[in-house]
Asker: 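Before I ask anything, let me first share the structure, which is written out below as C-alpha cells.
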Amino acid sequence: MSGTSRAQLCFLLLSVTALRGHARFLDIQDNEISPEGLLSLLSSELKRELPEEFVYRRALRCLDMVAVEGQFTFTAERPQLNCAVFFIGEPSDIISIEYDSVNIDCRGGDFVKVFDGWVMKGEKFPSTQDHPLPLYERYSDYCETGVTRPVVRSSQNVAMLFFRLHQSGSSFTVTFRKLINPFPCNVVSQTPEGSFTMIIPQQHRNCSFSIIYPVEIQIGELSLGQHNDLKRSILGCAGSGDFVELLGGNGMDTSKMFPMADLCYSFNGPAQMKVGCDNTVVRMVSSGKFVNRVSFQYRLLGHQELQQMKGNSVEDVCLRA
C-alpha cells in the first residue's frame, strides 16, 4: 500500500471513529494519530483562499485541523470525551486562540485546554529541550484561567486545543488568528517542499524545523560564528556549543529521533541528504555567543527513491524501524 493510500485510510478510520462517537477518539497524552493521519487532516484544510475582509466560520469536528484564520464552534451532540484540534500557521507565524464563548460544566469534568505545541502518540513538539517554557506552563485550562486569560498565544506556528464534554448541548467558540514572529524558532512545515532560513540572534536556545514527510534536505548555507577547531575535533559537534543536526524519526519528539548528520562548521555550497522517515528535522543548537544561521531547501521523496534507499544503513534507518 502506498504512503498516500495509507494516509487516506488512516484519516478515514479516524474520521469514522469521531463521527460515530466511539470512546477511542484521541487520547490526550497518548493519542494514536500518526504523522500520515495528520497530513490528511492538513491537506483538507490547507488550500482555502478567502478574501481578507471575510470572516471564515465553521463548525469543529472532534478531531480536526485548522490552518485558516476564523471563528470556530464545537457543539456536542453526544458526550465527546477525547477530542483535539490541531492549529497551524506559516513558519513565520505564532498562533493566537481567543475564547469567544464557552458553555461547559467545569465542575462536572468538562474542560477546554490549549497546548503550546502539538502532541501525537504522547510525543510533544517542540520537545522539552527545545521549548522556552517548562511543560506545565505550556497547558492553559479554560476552567482554571479562562476568565482572566481569554487569549492564549503559542511560541511557534503550531498549537492544539484539547476538550472533553460530557453533556449534549455543551459548546464553545474560539477565534483563531496568526501573528507575525520576527525570529521563527520551532516550526512545523505545512508542505513537503520549500525553503527556509533559520536565524538565532545570539540567544541560548535550540530551534527545530519539522517536515512531516520523507524528504531530501539540501543545506545551502551554514554560518555558526567562530569556534575552536581543536575543541570541536575532540568533543564532536555537541562540544562546540553551536551546531546543526539532521534528525529522522517516525514521531514528533526530537530527543527520540535518529541522528542522521551533524554540522559544526560554517560553509557555503550544497550539502544534501535523503531521509526516508515520517518526520525529518533540521535542528540548530546555539550557545548564545554568535548569530547563527542556516538556509536549506527540501523536497518530497518519490516512491522509487524510497525503494532505492532500502538497504542503505544510514538513509533507511526509519524504513527498517
Side-chain angles (χ1 to χ4, degrees), residues 4 7-8 10-12 14-15 18-19 25-26 31 33-76 80 83-102 112-120 125-126 140 142 150-163 165 171-182 184-196 209-213 252 279 298 300:
T4 301
Q8 291 173 344
C10 181
F11 177 50
L12 177 61
L14 287 167
S15 300
L19 290 171
F25 297 113
L26 183 72
N31 62 64
I33 190 170
S34 67
E36 289 180 338
L38 194 62
L39 293 182
S40 296
L41 285 170
L42 179 57
S43 63
S44 66
E45 176 70 10
L46 191 57
K47 299 300 182 181
R48 300 180 186 271
E49 297 291 339
L50 299 172
E52 289 187 7
E53 67 276 8
F54 179 78
V55 178
Y56 177 55
R57 293 181 175 89
R58 75 165 172 86
L60 288 173
R61 299 178 289 267
C62 178
L63 177 62
D64 213 338
M65 168 71 73
V66 176
V68 178
E69 291 181 306
Q71 190 175 69
F72 302 88
T73 299
F74 184 85
T75 302
Q80 301 280 17
C83 299
V85 181
F86 295 83
F87 292 92
I88 186 169
E90 298 296 330
S92 59
D93 293 335
I94 60 173
I95 304 302
S96 170
I97 299 174
E98 180 177 0
Y99 296 111
D100 297 318
S101 64
V102 181
V112 179
K113 299 180 181 180
V114 175
F115 179 70
D116 189 359
W118 276 1
V119 183
M120 289 198 306
F125 180 89
S140 176
Y142 175 85
V151 180
V152 182
R153 292 182 179 178
S154 70
S155 303
Q156 61 289 309
N157 77 321
V158 293
M160 286 188 75
L161 187 75
F162 299 111
F163 57 96
L165 307 178
S171 65
F172 63 87
T173 298
V174 296
T175 295
F176 163 52
R177 296 185 177 91
K178 305 173 188 178
L179 308 176
I180 295 298
N181 182 3
C185 182
N186 296 304
V187 174
V188 175
S189 176
Q190 292 188 3
T191 62
E193 298 183 354
S195 61
F196 188 73
F209 189 95
S210 175
I211 310 161
I212 315 177
Y213 304 84
M252 294 295 292
N279 190 16
Y298 51 99
L300 181 67

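Just so we're clear, the structure is a prediction, and the values are computed from it rather than from any experiment. Just so you know, these numbers use all the heavy atoms, side chains as well, and skip hydrogens, waters and symmetry mates.
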Asker: Knowing that exactly one of Ile95, Ile97, Leu179, Asn181 qualifies, which makes a side chain to side chain contact (heavy atoms under 4.5 Å, CB included) with Ser154?
Answerer: Ile95
Asker: Consider only side-chain N and O atoms of Ser155 and Asn186, and report whether a donor and an acceptor are under 3.5 Å apart.
Answerer: no
Asker: Which class fits the ring pair Tyr56 and Phe72: parallel under 30°, tilted 30 to 60°, perpendicular over 60°?
Answerer: perpendicular
Asker: Enter the distance from Ser189:OG to Ile88:CD1 here, rounded to the nearest 0.5 Å.
Answerer: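 Going from OG on Ser189 over to CD1 on Ile88, the span is 7.5 Å.
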Asker: Would Val66 and Val85 satisfy side chain to side chain contact (heavy atoms under 4.5 Å, CB included), going step by step from the backbone distance to the final call?
Answerer: CA-CA 7 Å; Val66 176; Val85 181; 3.8 Å; yes
Asker: What's the separation between atom CZ in Phe176 and atom CD in Glu98, rounded to the nearest 0.5 Å?
Answerer: 13.5 Å
Asker: I would like to know whether Tyr99 and Val114 meet side chain to side chain contact (heavy atoms under 4.5 Å, CB included); could you show each step before the answer?
Answerer: CA-CA 11 Å; Tyr99 296 111; Val114 175; 3.5 Å; yes
Asker: Heavy atoms only: give me the nearest Gln156-Gly117 pair and the separation to one decimal.
Answerer: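 Shortest heavy-atom separation between Gln156 and Gly117 comes out as NE2-N, 3.4 Å.
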Asker: Looking at Glu90 and Lys178, does any basic side-chain N land under 4.0 Å from a carboxylate oxygen?
Answerer: no
Asker: Which pair of heavy atoms, one from Pro184 and one from Ser92, lies closest together, and at what distance?
Answerer: CG-CA, 3.7 Å
Asker: With a 4.5 Å heavy-atom cut-off, do Ile212 and Trp118 have their side chains touching?
Answerer: yes
Asker: Mind checking whether Phe74 and Phe163 have parallel, tilted or perpendicular rings, split at 30° and 60°?
Answerer: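 Rings of Phe74 and Phe163: tilted, 30 to 60°.
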Asker: Could you check whether Phe209 and Tyr298 have their ring centres less than 6.0 Å apart?
Answerer: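 Ring-ring flag for Tyr298/Phe209: true, centres closer than 6.0 Å.
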Asker: Write down the atom of Gly89, the atom of Gln190, and the distance for their closest heavy-atom approach.
Answerer: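 In this case the closest contact between Gly89 and Gln190 is O-NE2, 2.9 Å.
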Asker: Working to the nearest 0.5 angstrom, can you tell me the gap between Asn157 CG and Ile94 CD1?
Answerer: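 The distance works out to 10.5 Å.
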Asker: Test Met120 against Phe86 for side chain to side chain contact (heavy atoms under 4.5 Å, CB included), laying out the working first.
Answerer: CA-CA 10 Å; Met120 289 198 306; Phe86 295 83; 4.0 Å; yes
Asker: Any idea which heavy atoms bring Pro182 and Ile180 closest together, and the distance?
Answerer: CD-O, 3.7 Å
Asker: Taking all non-hydrogen atoms of both residues into account, name the closest pair between Leu161 and Val112 and its distance.
Answerer: CD1-CG1, 3.6 Å
Asker: Please name the pair of heavy atoms, one in Leu60 and one in Asp64, separated by the smallest distance, quoted to 0.1 Å.
Answerer: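 Shortest heavy-atom contact: CA-OD2, 3.5 Å.
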